[in-house]
Amino acid sequence: MSTTTPKRVGRRPNSETTPVIASPESEANSLPEFIRLPKAGYRCEWTGLSRGSINDLILGPDAPVQSVLVKQPGASRGVRLVHLGSLLDFLYAQMEAQSVDGIPEKEVHHA
């Protein structure tokens with residue numbers, strides 16, 4: 001079984017150990033139920049979305065993606081966790097809607 005190391009996308013130097021992700025066959029069975037927002041300057045390892053893009057999807061009264069704020073009683077700050085299943089469902093629905101509308105999955109631009 002081979003493992004791959006994901007490449008970091010962002011502006012900050014990678015001072016942390018990059019996680020090793022299992023092969024795609026076993027990855028489907030090991031998806032977490034909740035994920036933290038990526039740090040500023042980094043992208044989500046599961047979707048490739050930036051922190052800001054995910055925030056746009058999880059915040060507000062009509063947010064299409066579910067999330068939860070976990071904090072201790074009386075604390076002013078907490079940790080926002082994103083429900084990965086609802087995020088992936090949203091992305092798959094967008095992909096399906098675009099293919100139904102006739103928008104090609106990849107547009108090729110010639111110079």
Side-chain angles (χ1 to χ4, degrees):
M1 177 162 116
S2 67
T3 58
T4 60
T5 303
K7 292 186 179 179
R8 182 189 140 299
V9 179
R11 299 176 297 248
R12 294 182 180 185
N14 191 359
S15 61
E16 300 176 2
T17 303
T18 304
V20 176
I21 299 175
S23 66
E25 300 85 32
S26 65
E27 187 175 318
N29 296 329
S30 63
L31 291 176
E33 190 164 354
F34 292 92
I35 59 171
R36 291 182 71 140
L37 289 168
K39 292 180 180 180
Y42 288 83
R43 296 202 172 256
C44 173
E45 69 179 279
W46 306 104
T47 65
L49 294 173
S50 68
R51 181 183 183 95
S53 296
I54 296 174
N55 267 327
D56 290 342
L57 296 173
I58 63 173
L59 300 176
D62 298 325
V65 176
Q66 296 176 340
S67 69
V68 62
L69 179 62
V70 180
K71 65 180 187 173
Q72 297 293 325
S76 61
R77 302 178 84 176
V79 175
R80 174 132 336 243
L81 298 176
V82 179
H83 187 258
L84 182 57
S86 70
L87 178 57
L88 294 174
D89 288 345
F90 173 79
L91 294 174
Y92 282 119
Q94 292 296 304
M95 187 171 62
E96 183 66 28
Q98 290 175 12
S99 67
V100 168
D101 292 341
I103 299 172
E105 290 183 23
K106 288 187 176 181
E107 294 184 17
V108 178
H109 296 282
H110 297 285

- All heavy atoms of Arg77 vs all of Lys71, minimum pair found to be O-CB, 3.4 Å
- Going only through I, L, V, M, F, W and Y residues with side-chain contacts under 4.5 Å, is there a path from Ile35 to Leu31? yes
- Task: Would you confirm whether Thr47, through its side chain, and Cys44, through its main-chain N or O, come within 3.5 Å as a donor-acceptor pair?
- Result: no
- Message: What's the separation between atom CG in Leu57 and atom CD in Gln94, rounded to the nearest 0.5 Å?
- Response: 8.5 Å
- Note on the structure: Correct closest heavy-atom pair for Leu69 and Gly78 would be CD1-C, 4.0 Å
- In one Ile/Leu/Val/Met/Phe/Trp/Tyr side-chain cluster, 4.5 Å: Leu59, Leu87: yes
- Val82, Val70: one ILVMFWY side-chain cluster at the under-4.5 Å cut-off? no
- Item | Minimum-distance pair of heavy atoms, taken over all atoms of Gln66 and Ser86 | N-OG, 3.0 Å
- Supply the atom-to-atom distance Leu49 CG to Arg43 CZ, rounded to the nearest 0.5 angstrom. 7.5 Å
- Hydrophobic cluster identity match, Leu37 and Phe90, side-chain contacts under 4.5 Å: yes
- Give the intermediate values and the outcome of side chain to side chain contact (heavy atoms under 4.5 Å, CB included) for residues Leu81 and Arg36. CA-CA 5 Å; Leu81 298 176; Arg36 291 182 71 140; 3.7 Å; yes
- Indicate if Trp46 and Met95 have the same hydrophobic cluster label, given that clusters are the connected sets of ILVMFWY residues with side-chain heavy-atom separations under 4.5 angstrom. yes
- For Arg51 and Lys39, work out which heavy atoms get closest and say how close. NH1-CA, 4.1 Å
